[in-house]
Each structure stands twice: as structure tokens, then as C-alpha cells.
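Only one structure is covered here, and it is reproduced in the block below.
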Amino acid sequence: MQNILITGGAGYIGSHICIKLQENGYQPIVFDNLSNGHRDAISNDIPFVEGDIRDAAALNKVFEDFRPAAVIHMAALIEAGASMVEPARFYEVNTAGALNLLEAMRRNACKHIVFSSTAAVYGNRDAGLLSESLEVSAENPYGRSKAMVETMLGDYASIYGFHAIALRYFNAAGADSMGRTGERHDPETHLIPLVLQTAAGQRDHIKIFGTDYDTPDGTCIRDYIHVDDLADAHVKALGHIISSDHAASDIANIGTGEGCSVKEIIELCKEVTGQDFTVVEDSRRPGDPAKLVANPAKAKEMLGWQPKYPSPRQIIEHAWNYYQTNLLKS
Ligand code: UDP
């Protein structure tokens with residue numbers, strides 16, 4: 001069985017990837033500093049190392065101890081809004097941290113990597129669906145901190161012979177369809193969990209950040225992708241890179257190709273939960289592009305990947321199930 005190092009593996013998306021890796025015959029090794037992740041989000045039969053990607057010695061030791069065949073690099077700061085306030089942290093963790101990891105890989109002759117990139121690299125575009133061939137033009141330091149890593153991966157492929165795939169996530173949402181793991185950020189900043197907390201009466205209201213965007217209902221449009229489908233994309237990307245030893249650096253969008261506005265998400269959450277709640281129209285959140293919707297054709301063609309749960313309603317249903325079972329007790 002091949003060991004796969006997964007940085008940030010105890011986080012929301014990482015914990016889903018661990019399940020998928022095990023289901024597909026890989027042995028995940030989780031490296032996480034638990035700044036956002038949870039030790040209990042991954043099962044006890046998965047080796048867990050508490051450590052920070054900025055710590056070269058800790059990374060070296062993981063490579064020496066486990067000799068991973070490939071790395072899935074997820075550890076990062078993820079809030080676009082926060083990156084507008086403290087950009088340095090994002091460059092330090094997301095960009096310098098990734099460089100530290102790539103150097104540890106190079107020292108340890110591990111050349112296969114799947115990287116969590118983001119739709120935020122596209123920024124504000126007039127284009128309908130976003131394709132990988134568009135030039136990068138992020139609106140916020142978060143997107144730029146990830147775009148820089150994509151550039152580094154290109155150099156590590158052409159100069160050091162790495163085989164890399166950067167997956168540009170659109171908006172990860174939902175929970176494991178069997179309820180084994182789900183989203184629990186603290187503090188929570190993402191739209192769907194915040195709306196569900198409001199539906200559950202744990203918040204007074206939900207704020208809409210901006211109602212004057214150039215979109216049909218004036219609110220931002222995003223492409224919500226089920227976390228289970230996102231996890232599946234990683235396993236397919238991993239299979240793709242470790243099945244061949246040639247050097248390459250590819251990029252693939254992971255989204256459904258369908259957009260949903262903030263107002264539409266709120267309405268769907270009201271329907272799924274059967275609850276009404278207060279919605280407050282607030283000003284724009286700095287750094288938010290009006291619309292981010294994927295052209296997912298490349299992931300389908302290159303990885304044979306296709307979403308199993310493309311409907312936002314199903315995404316919200318799974319998130320609500322997880323929320324009610326695991327988070328409403330407190
Ligand atoms: N959003 C909102 N209210 C909230 C949280 C988010 O209106 O309390 C909006 C946000 O401005 C964006 C969309 O919902 O347009 C998705 O935001 P989220 O933070 O979930 O993900 P992002 O697109 O920033 O990765």
C-alpha cells in the first residue's frame with residue numbers, strides 16, 4: 001500500500017480526502033498543525049503527525065519516517081476576507097510554507113504532488129465560465145498566495161522533474177454523504193454553514209455581503225462543489241500523477257459549471273431546513289469577485305472526474321444532516 005502524505009489532512013476537506021484515500025487502497029499520513037483541523041476528524045488507524053509546514057525539520061522527519069509516494073498539499077489559510085487584512089500571514093503560510101514543503105520533497109526524492117489551489121486566482125472576470133487558460137488575476141492576497149505556488153510547481157516540474165496537479169477548487173460545501181465528517185471551522189466564515197447555524201437558531205441573522213453586484217439578483221454568484229466530489233477529484237488526480245513518471249505541471253478546475261447566488265443559497269437553506277430566519281443586507285466584503293463559476297471540462301477530460309452531487313440542494317441537505325447530528329448537541 002502506498003503512503004500518501006496529506007498536509008492539512010485533519011481539516012474539513014482533508015478529512016474527506018482521507019476517507020476516499022482509504023477507500024481507494026492508499027494509506028494516508030496526516031501532517032497538520034491543528035490550527036483549523038481537528039484530531040478527531042480522522043480515524044485512529046491513520047498515522048497523525050502534529051506539525052507545521054513552515055518547520056523544515058518536522059517535514060524532513062515525516063518524509064524519512066513514512067517515505068510517501070506522493071503529497072496532497074492542503075495546509076493553508078483559506079479566508080479570502082482575512083487576507084485583505086493580514087496579507088503577510090497568507091504569503092508566509094500559503095506561499096513560503098508551500099516552498100518549504102517542495103524543498104522537503106526535493107531533498108527526499110518525492111516528486112508527485114496534488115496541490116489545493118483556488119478559483120480565487122481568477123478574480124473578477126466578464127467571462128461566463130472560467131477556464132484554466134485564462135490569465136491569473138486574483139482579487140485578494142489569498143488568491144495571489146496560491147497562484148504563486150502554481151507558478152513554483154511549473155518550475156519544479158520543468159527544472160526538477162516534478163509531476164504536479166493544481167486543483168482549483170470552487171466553493172467546497174456539504175458533508176460526507178454518510179455523515180462521517182463535515183465542516184466545522186471556528187470561527188466559521190463560509191456562507192452555507194453560517195446560514196444553517198442561523199436556521200438552527202444559533203445566530204440571530206445572516207448577513208448578505210453586497211446586493212449591488214452586476215448579477216441578476218445583485219448578490220455574488222459562486223459554484224458550490226460537494227466536498228465528497230472534491231475529495232474524489234484528489235484521488236483521481238493522485239492516480240493520474242503516480243501512474244507515470246514524466247515531469248509535468250497541470251491545472252484543473254474543480255467545480256460543477258453551475259452558479260448559485262447568495263440569495264438563492266439562503267432560499268434553498270430555508271427550504272431544506274423548513275426554517276425561516278432574518279436576512280440582513282450588508283455592504284460588500286472587500287476582495288469578493290462578483291461571479292466565480294468553473295468550466296469543468298478539463299477535469300473531466302484529463303482525470304475522468306465528474307461530480308456525483310452537482311445540485312446545491314443536495315449539498316445543503318448533506319451539510320444540514322451533518323450539522324443536526326454532530327453540531328446541534330452543544
Ligand atoms: N457571504 C455572505 N455572508 C456571509 C458569508 C459569505 O454574503 O456571512 C458571501 C460572500 O460574500 C461570497 C459568498 O457568500 O460572495 C461565498 O463566501 P464564502 O466565504 O463562503 O466563500 P468564498 O467565495 O469567499 O471562498
Side-chain angles (χ1 to χ4, degrees), residues 13 78 80 114-140 142-151 153-154 164-174 190-192 208-237 240 248-268 284-285 287-316:
I13 301 169
I78 57 164
V114 180
F115 169 61
S116 323
S117 190
T118 170
V121 301
Y122 290 113
N124 253 323
R125 288 297 163 84
D126 285 335
L129 300 183
L130 299 165
S131 297
E132 296 85 351
S133 54
L134 281 167
E135 235 172 82
V136 158
S137 130
E139 280 286 291
N140 48 55
Y142 165 65
R144 285 188 280 276
S145 73
K146 292 275 185 170
M148 288 176 186
V149 181
E150 290 186 355
T151 305
L153 290 174
I165 294 189
L167 300 179
R168 289 182 178 165
Y169 306 171
F170 282 66
N171 284 60
H190 293 106
L191 180 65
I192 291 177
I208 299 182
F209 295 147
T211 51
D212 58 347
Y213 284 96
D214 186 15
T215 59
D217 68 15
T219 67
C220 287
I221 293 177
R222 295 287 181 273
D223 181 338
Y224 293 89
I225 178 77
H226 197 296
V227 64
D228 197 76
D229 287 324
L230 193 49
D232 182 47
H234 287 76
V235 175
K236 293 207 159 62
H240 183 79
S249 172
D250 282 309
I251 295 173
N253 287 337
I254 304 296
T256 65
E258 297 291 333
C260 206
S261 74
V262 174
K263 280 189 174 165
E264 286 168 337
I265 288 290
I266 292 173
E267 279 316 303
L268 274 171
R284 293 183 180 199
R285 187 173 69 179
D288 271 346
K291 181 179 171 196
L292 292 171
V293 181
N295 174 351
K298 188 170 170 190
K300 285 179 190 163
E301 180 202 322
M302 180 171 76
L303 306 176
W305 172 85
Q306 187 133 323
K308 225 165 80 184
Y309 305 108
S311 114
R313 176 183 293 275
Q314 218 169 4
I315 291 174
I316 292 168

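Because the structure is predicted, anything quoted here is derived from the model rather than measured. As a basis for the values below, the full set of heavy atoms in this structure was taken, side chains included, without hydrogen atoms, waters or symmetry mates.
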Let's go through His240 and Met302 carefully: what are the C-alpha distance in whole Å and the side-chain angles of both, what is the deciding distance for side-chain contact (heavy atoms from CB on, under 4.5 Å) to 0.1 Å, and is it a yes or a no? CA-CA 8 Å; His240 183 79; Met302 180 171 76; 3.9 Å; yes
Enter the distance from [X]:[atom1] to [Y]:[atom2] here, rounded to the nearest 0.5 Å.
X      : Y      : atom1 : atom2 : answer
Leu292 : Leu129 : CG    : CG    : 11.5 Å
Ile316 : Ile265 : CD1   : CD1   : 4.5 Å
Asp232 : His226 : CG    : NE2   : 11.5 Å
Glu132 : Asp250 : CD    : CG    : 9.5 Å
Ile221 : Glu264 : CD1   : CD    : 7.0 Å
Lys263 : Thr219 : NZ    : OG1   : 6.0 Å

Measuring only between side-chain heavy atoms, which start at C-beta, is [X] closer than 4.5 Å to [Y]?
X      : Y      : answer
Lys146 : Ser116 : yes
Lys291 : Tyr213 : no
Thr256 : Tyr309 : no

Intermediate values then yes/no, side-chain contact (heavy atoms from CB on, under 4.5 Å), Leu167 and Leu303: CA-CA 11 Å; Leu167 300 179; Leu303 306 176; 4.2 Å; yes
Examine distances only and state if a side-chain atom of [X] and a backbone atom of [Y] form a donor-acceptor pair shorter than 3.5 Å.
X      : Y      : value
Trp305 : Asp229 : yes
Lys298 : Ile251 : yes
Arg168 : Gly255 : no

Of the options Val293, Asn171, Leu130, which is the one that meets Asp223 in a side chain to side chain contact (heavy atoms under 4.5 Å, CB included)? Val293
Identify the two heavy atoms, one from Arg222 and one from Ala290, that lie closest to each other, and give their separation to 0.1 Å.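 Where Arg222 meets Ala290 most closely, the heavy atoms are NH1-O, 3.6 Å.
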Which atoms form the tightest heavy-atom contact between Gly287 and Glu139, and what is the distance? O-CB, 3.6 Å
Let me see the working for Phe209 and Cys220 under side-chain contact (heavy atoms from CB on, under 4.5 Å), right down to the final yes or no. CA-CA 8 Å; Phe209 295 147; Cys220 287; over 6 Å; no
Before giving the answer on side-chain contact (heavy atoms from CB on, under 4.5 Å), spell out for Phe170 and Leu230 the whole-Å C-alpha distance, their side-chain angles and the decisive distance to 0.1 Å. CA-CA 9 Å; Phe170 282 66; Leu230 193 49; over 6 Å; no
Pair Tyr224, His190 - check ring-ring contact (aromatic ring centres under 6.0 Å, His included), show working. CA-CA 11 Å; Tyr224 293 89; His190 293 106; 9.9 Å; no
